[in-house]
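Contents: one structure, followed by commentary.
For the numbers below, each heavy atom of this structure counts, side chains included, while hydrogens, waters and symmetry mates do not. Counting starts at 1 for both ligands and their atoms, in listed order. All residue numbers refer to positions in the sequence shown, counting from 1.
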Amino acid sequence: MMPPRSVMLLPSAPTYIRNNDVEHEYRADSDLYYLSGFAEPGALMALYSEHDSHRFVLFVRPRDPAREIWDGPRAGVEGALADYGADHAADVATLGETLYELLMDRQRIYYAIGRDRAMDEVVLRALHEARRRARRGRTAPTEMVEPSTLVHELRWKKSDDEIAHMERGAAITAEGFVRAMEVAKPGAFEFEVEAALRGTFRRRGAERCAYEPIVASGPNACVLHHIRNDREMRDGDLLLIDAGAEVGGYACDVTRTFPVNGAFSEGQRALYDAVLSAQREAIASVRPGASLVSVHQVAVRALTASMIALGLLEGSLEERLADESYKRYYMHGTSHWLGMDVHDVGMDWLDGEPRKFEPGCVLTVEPGIYVPVSDDRAPAALRGIGIRIEDDVLVTRDGARVLTAAIEKDPDALERLLKAR
Ligand code: GLY
Ligand code: MN
Ligand code: MN
């Protein structure tokens with residue numbers, strides 16, 4: 001994909017200090033991990049095409065027995081060559097003196113400037129050095145291009161291997177939800193449910209949660225990013241859980257909402273049925289040629305019709321779609337791409353048009369209705385109820401496959417499951 005005489009530079013993710021000498025958990029940069037499998041910090045990958053041989057250079061932290069006592073083993077220069085298939089590897093500390101050599105006589109640099117100031121400094125110094133040395137027929141680069149234009153397009157469509165990771169993530173997430181439903185009873189705290197999810201994910205070998213789990217009971221479900229998870233659940237509450245395991249570097253992203261006492265109230269069930277049928281319609285519309293926009297439109301139309309039927313909105317469906325008053329109760333999008341990042345990369349629009357789905361792309365479908373406790377315009381029985389139902393959907397050649405279909409969402413089946421606890 002890279003034209004001749006170009007070089008791509010992909011740094012590892014930076015580390016972040018939590019306090020003093022303690023760091024936040026490290027997670028590899030998704031682009032670097034996608035292309036190399038290399039998950040250590042302090043690295044830079046350089047890729048370039050030289051006539052017909054494609055070159056892969058990896059700058060890494062060298063082996064260091066004293067440091068490795070604290071942080072564990074490093075691949076080092078030797079491992080970069082032997083285990084990661086680099087054509088050439090070097091100590092990352094030499095980057096300052098040698099990087100310009102990789103830029104000489106190349107026209108284009110693929111590098112995401114502005115994301116990592118320390119790395120920007122290294123790259124810009126190398127560029128300056130290359131310009132300084134450009135004479136007698138030797139040249140320095142004249143273009144800098146965002147590497148995501150290539151790498152994110154590759155990541156957008158998943159291969160069979162990637163889908164296998166996502167299927168495993170879905171299976172582990174399903175187990176987490178089963179365990180969470182066992183724990184979520186009146187009198188238990190949201191954090192106990194979070195612990196059940198995290199415990200199950202890790203026990204089954206997931207690397208981590210793909211994002212901070214949202215365990216939101218009662219009115220907390222109307223706080224879209226409720227991650228404190230510190231409320232005691234009460235009889236009569238719904239519990240909204242939005243959580244997913246990360247497996248092989250791939251995210252799973254699922255939401256289920258259910259009554260902690262095992263039985264939906266009439267108002268809860270009416271809203272639940274509205275969200276579920278909107279979600280089913282939206283999923284049924286996923287196929288090659290559809291788009292994030294078209295799926296959202298299907299969900300919004302179904303949800304808005306239900307909001308009118310349930311007394312949340314007045315007037316006609318077309319009026320309420322036109323003035324977007326449904327946003328009072330449904331204020332987020334229906335879908336995002338899913339992959340190594342939970343909100344995954346890939347363009348949503350191409351040439352001013354919503355991008356059409358192709359086999360291999362994966363998206364979420366996650367409609368919801370959220371009625372704040374304080375909303376005195378809403379029927380009293382619906383206030384303080386927040387519901388979202390979210391699944392992960394793979395676009396196939398002739399339609400779609402729900403990767404997370406094993407996680408129960410049928411309301412009668414959910415009640416049976418919950419009552420059997
Ligand atoms: N859990 C984040 C999302 O659903 O987009
Ligand atoms: Mn989610
Ligand atoms: Mn999502």
Side-chain angles (χ1 to χ4, degrees), residues 27 30 155-156 158 165-166 169-177 180-181 184 190 193-194 196-198 200-201 206-217 220-229 238-247 249-258 272 275-276 278-280 282-283 285-286 290-293 295-296 298-300 303 327 329-346 348 357 361-370 386-395 400-409:
R27 183 186 181 279
S30 295
R155 283 177 54 194
W156 181 62
K158 277 69 183 174
H165 284 302
M166 297 187 83
I172 292 175
T173 301
E175 282 186 43
F177 271 76
M181 286 179 194
E190 292 166 349
V193 176
E194 177 186 334
L197 291 161
R198 288 188 189 275
T200 309
F201 293 171
E207 292 103 63
R208 56 179 67 80
C209 290
Y211 52 92
E212 289 297 295
I214 297 166
V215 183
S217 61
N220 284 345
C222 297
V223 179
L224 296 179
H225 290 164
H226 171 76
I227 54 171
R228 295 168 55 106
N229 303 344
L238 288 181
L239 180 65
L240 180 158
I241 301 174
D242 183 344
E246 182 179 307
V247 171
Y250 290 82
C252 185
D253 182 9
V254 174
T255 308
R256 291 290 183 266
T257 310
F258 58 89
Y272 190 90
V275 175
L276 183 58
Q279 202 230 13
R280 290 204 158 120
I283 289 175
S285 75
V286 176
S291 69
L292 297 177
V293 171
V295 172
H296 183 59
V298 169
V300 161
L303 290 172
K327 286 189 174 168
Y329 303 111
Y330 182 46
M331 60 299 284
H332 61 74
T334 301
S335 302
H336 52 79
W337 308 127
L338 185 71
M340 299 190 102
D341 301 341
V342 62
H343 294 171
D344 205 32
V345 296
D348 300 1
F357 297 157
C361 71
V362 180
L363 61 140
T364 67
V365 180
E366 50 178 307
I369 295 182
Y370 313 90
I387 294 170
R388 177 167 64 257
I389 305 171
E390 173 174 28
D391 282 297
D392 303 343
V393 183
L394 165 70
V395 177
R401 183 155 65 85
V402 179
L403 299 174
T404 48
I407 308 175
E408 193 58 72
K409 63 184 173 184

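- At the Mn ion (ligand 3), the vertex angle linking NE2 of His336 with OE2 of Glu390 is 130° (nearest 10 degrees).
- Under a 4.0 Å criterion applied to the non-hydrogen atoms of Glu390, ligand 1 contributes the atoms 4 (O).
- For Arg228, the CZ atom is loosely surrounded, since the number of other residues' heavy atoms within 6.0 Å does not exceed 12.
- Pairing each heavy atom of Ala243 with each of Leu197, the nearest pair is CB-CD1, 3.9 Å.
- Looking at atom 4 (O) of ligand 1, its nearest protein heavy atom turns out to be Glu366 OE1, 3.0 Å.
- Tested against Asn229 for a side-chain hydrogen bond (donor to acceptor under 3.5 Å, both in side chains), the candidates Glu194, Glu212, Glu190 yield a single pass: Glu194.
- The heavy-atom pair separating Met166 from Val362 by the smallest distance is CE-CG1, 3.9 Å.
- Between Asp391 and Arg256 there is a salt bridge, with a side-chain nitrogen of the basic residue lying less than 4.0 Å from a carboxylate oxygen of the acidic one.
- Considering the Mn ion (ligand 3) as centre, the angle to OE2 of Glu366 and to OD2 of Asp253 is 150° (10° rounding).
- Annotation: atom 3 (C) of ligand 1 to nearest protein heavy atom, Asp253 OD2, 3.3 Å.
- Not a single heavy atom of Arg388 sits less than 4.0 Å from an atom of ligand 1.
- Tyr211 and His225 share no donor-acceptor pair across their side chains, judged by distance under 3.5 Å alone.
- Listed by number with element, the atoms of ligand 1 under 4.0 angstrom from any heavy atom of His343 are 2 (C), 3 (C), 5 (O).
- Contact annotation: Val342 has no heavy atom less than 4.0 Å from any atom of ligand 1.
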